[in-house]
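Fair warning: this is a prediction, and the values are worked out from it, not measured in the lab.
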Amino acid sequence: MRAMIRHRLRPWAAACVTLVAMVGGTAFAPAVPPGPTPLPPAVEAIMHQAGYEHAQWGLLEVDPANGHVIHSRFANQSFVPGSDTKLVTLSAAWHTLGPDHRFTTPVYAVGKKRGTTLDGNLALVAQGDLTMGGRTKPDGSVDFTDIDHTSANDLPGATLTPENPLAGLNAIARQVRAAGLTHVNGNVIVDPRIFTPPALDPQPTPLIINDNVIDLLTTPTKAGRPAKLFWRPQVQPYRVTSTVRTVAAGGTTDITVTASRNGTRIALSGTIAAGSQPVLRISGVRDPNAFGRTALIEALARAGVSVSARPTGPNPQGALPGSYTHDPRVAAFVSPQYHEYAKLILKVSHNLGANLALCNMAVLRGSKDCIDAGFTAEHAFLTKVAHVDPTQFQLDDGRGGDATEKATPTGLVQLLSYWLHTRDATAFRLSLPILGVDGSNATTCRHCPAKGKVFAKPGTVIGIDDLNRQFAVADQSQAGYLMTDKGHLLVFVVLVNSATAPDIQGVQKVFDDSNKISALLQEEASARHL
């Protein structure tokens with residue numbers, strides 16, 4: 001079991017209200033009937049299945065048109081929300097940065113230009129851009145797969161997007177060449193001073209290339225033969241070797257990844273069954289600044305710009321100037337709009353992007369302290385913009401990675417209801433995973449009547465119960481919107497804490513159960529002709 005879960009508790013890139021509900025700061029008088037109605041028998045049946053004997057369920061469903069509470073169970077009680085924390089983080093970031101915000105990563109020529117030669121250094125000033133063009137499609141949107149490559153070591157079925165992870169650096173290199181430079185008689189330096197990387201997991205950094213991971217894709221060949229390996233991005237001095245062998249069809253697929261202390265020597269071992277799908281694994285980049293520096297030097301070489309400094313080695317941050325006031329900008333990479341990043345983070349439960357959002361908000365407030373300034377921005381959003389009581393949440397990161405974090409169903413419903421009164425209501429709703437269609441909830445309910453009509457962010461936190469040799473599901477949740485067959489929107493949250501599962505398939509069942517409840521609520525609301 002321990003090999004399947006790296007940490008003791010982790011999110012899995014998937015939880016009695018008064019009769020007057022505060023939604024977006026407005027008090028709604030209850031409609032007739034005056035109180036919540038009993039849950040559908042099929043929902044109650046799920047809640048009483050094996051594995052939920054000692055679990056606590058929370059549920060709240062509200063009609064935002066009149067504030068009527070349709071269903072309620074422990075709506076004011078605090079639950080572990082898991083990745084539903086991202087609803088709070090991304091709501092605050094979407095408002096604070098603005099949906100149209102773009103990150104502009106500049107490169108300055110620090111020194112003196114002599115013809116086509118720069119006597120000095122090129123400085124790339126990192127801005128906290130999540131993808132640096134590594135997922136940008138031709139239409140400017142950000143690409144994603146239902147199970148993201150960042151979850152490849154934890155979830156089966158993770159796949160790669162087709163875009164080049166080095167696209168942003170390649171674009172910068174071409175601009176440097178177009179600015180008239182063919183040789184840098186000096187160094188290339190990444191300037192990471194925009195914020196101090198906080199002690200979060202995963203840790204956001206000012207420069208991020210390919211989510212700070214190396215992708216390792218193993219494809220089976222014929223039984224008895226070595227498997228085929230593809231890895232990216234290929235940047236010096238990283239080296240990858242594989243001893244993975246193909247075994248007979250139906251055999252065991254079990255691939256282990258090990259890395260040297262500095263992360264630059266990666267080895268894969270194990271087996272993969274013939275005829276099976278390729279298996280993706282990842283290995284972390286330990287020094288994003290050094291990695292980015294080398295990757296940019298290599299991109300410059302491809303664009304026809306040579307650099308005299310050695311391409312590998314540490315990033316010489318100490319040689320950076322105090323400012324760039326008198327230094328010409330020779331290149332700049334401009335990101336997609338922030339609402340595209342928000343969609344990526346919410347659709348696939350992108351943990352790095354959610355933690356990074358705290359830093360993005362801090363920078364906008366003129367601070368390098370992601371935690372202090374990031375949560376200050378989040379608190380201000382909840383109290384002054386969404387008009388949601390912040391004490392309904394207890395948060396210590398952006399992603400929902402801690403089982404001590406808490407949220408009430410009421411708080412989540414109020415936050416989701418706030419969005420319905422904004423100009424970005426539809427864009428935000430469509431940024432959530434859609435049941436049976438895309439994102440984290442794509443694999444459940446592919447043929448049920450509620451397919452495409454539930455827009456919800458799942459949250460999952462699982463650990464190991466060594467005493468009873470089983471999995472402990474600290475949280476499984478869904479929070480978002482139900483669209484009835486007539487197009488009427490309802491706001492809902494369903495969470496279960498302290499469930500148990502005998503194996504990883506049992507954990508998947510808990511996830512599926514939360515989606516089944518969401519689907520049943522949608523079907524019931526449609527049957528009421530809402």
Side-chain angles (χ1 to χ4, degrees), residues 15-24 26 28-48 57-75 84 87 408-421 425-426 428-439 441-442 444-459 476-496 511-530:
C16 180
V17 72
T18 58
L19 296 182
V20 177
M22 291 297 296
V23 182
T26 302
F28 292 94
V32 177
T37 57
L39 289 171
V43 171
E44 288 282 4
I46 291 173
M47 292 179 170
H48 290 88
W57 287 91
L59 189 148
L60 182 60
E61 181 184 352
V62 175
D63 186 343
N66 53 25
H68 171 50
V69 177
I70 300 169
H71 296 301
S72 177
R73 175 172 292 196
F74 298 113
D84 279 340
L87 291 171
T408 68
T410 297
L412 289 168
V413 162
Q414 289 176 358
L415 178 63
L416 291 162
S417 298
Y418 149 79
W419 276 102
L420 296 177
H421 304 284
T426 300
F428 180 79
R429 174 170 56 82
L430 295 179
S431 295
L432 301 175
I434 304 174
L435 187 63
V437 176
D438 66 17
N441 287 335
T444 304
C445 193
R446 284 181 170 171
H447 305 289
C448 74
K451 176 183 178 180
K453 301 168 187 173
V454 178
F455 309 81
K457 178 73 191 73
Q476 182 56 64
S477 53
Q478 300 284 343
Y481 307 97
L482 308 171
M483 177 178 284
T484 69
D485 293 349
K486 288 188 174 182
H488 187 64
L489 284 176
L490 304 173
V491 186
F492 86 104
V493 175
V494 57
L495 310 96
V496 62
F511 177 82
D512 290 341
D513 283 347
S514 70
N515 271 324
K516 288 178 182 177
I517 290 175
S518 303
L520 288 168
L521 294 176
Q522 189 278 334
E523 293 171 30
E524 182 205 39
S526 295
R528 293 198 308 268
H529 305 293
L530 290 177

**Request:** Check step by step if side chain to side chain contact (heavy atoms under 4.5 Å, CB included) holds for His71 and Val43.
**Result:** CA-CA 11 Å; His71 296 301; Val43 171; over 6 Å; no
**Message:** I'd like to know whether Leu490 forms a side chain to side chain contact (heavy atoms under 4.5 Å, CB included) with Tyr481, so could you lay out the CA-CA distance, the side-chain angles of the two residues, the decisive distance to 0.1 Å, and finally the verdict.
**Reply:** CA-CA 6 Å; Leu490 304 173; Tyr481 307 97; over 6 Å; no
**Request:** List the steps, then state whether side chain to side chain donor-acceptor pair (under 3.5 Å) holds for Gln478 with Asn441.
**Result:** CA-CA 10 Å; Gln478 300 284 343; Asn441 287 335; 3.0 Å; yes
**Request:** Test side chain to side chain contact (heavy atoms under 4.5 Å, CB included) on Leu60 and Thr408 and set out the steps.
**Result:** CA-CA 10 Å; Leu60 182 60; Thr408 68; over 6 Å; no
**Message:** Apply side chain to side chain donor-acceptor pair (under 3.5 Å) to residues Asp485 and Gln522 and explain how you reach the verdict.
**Reply:** CA-CA 8 Å; Asp485 293 349; Gln522 189 278 334; 3.2 Å; yes
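Contact detail for Leu412 and Val493: the closest heavy-atom pair is CB-CG2, 3.7 Å. Across Trp57 and Met47, no two heavy atoms sit closer than the pair NE1-O, 3.3 Å. Residues Lys451 and Arg446 approach most closely at CD-O, 2.9 Å, considering heavy atoms. Here the closest non-hydrogen pair linking Ser518 and Phe492 is OG-CE1, 3.3 Å. Pairing each heavy atom of Glu523 with each of Ala450, the nearest pair is OE2-N, 4.3 Å. Nearest heavy-atom pair across Ala519 and Leu435 is CB-CD2, 4.0 Å.
Atoms CD1 and SG, on Ile434 and Cys445 in that order, are 12.5 Å from each other to the nearest 0.5 Å. From Leu489, atom CG reaches atom CG of Leu530 across 11.5 Å, with rounding to the nearest 0.5 Å. Here the CD-CD1 distance, from Glu524 to Ile70, works out to 8.0 Å after rounding to the nearest 0.5 Å. The distance from atom CG of Leu521 to atom NZ of Lys453, rounded to the nearest 0.5 Å, is 14.5 Å. The distance from atom CG of Leu420 to atom CZ of Arg429, rounded to the nearest 0.5 Å, is 8.5 Å.
Judged purely by atom type and a 3.5 angstrom limit, Ser526 has no side-chain atom pairing as donor or acceptor with the backbone of Thr484. In this structure a side-chain-to-backbone donor-acceptor pair under 3.5 Å is present from Thr410 to Ala75. Counting only distance, with no hydrogens or angles, the side chain of His68 and the backbone of Val62 share no donor-acceptor pair below 3.5 Å. In terms of modelled atom types and a separation under 3.5 Å, the side chain of Lys457 and the main chain of Ala479 share no donor-acceptor contact. No side-chain donor-acceptor contact under 3.5 Å links Glu61 to the backbone of Ser72.
Using cut-offs of 30° and 60° on the angle between ring planes, the pair Phe428 and Trp419 is parallel.
Taking the side chain as every heavy atom from C-beta outward, Leu432 and Leu87 approach each other to under 4.5 Å. Taking the side chain as every heavy atom from C-beta outward, Leu520 and Pro40 never approach each other to under 4.5 Å.
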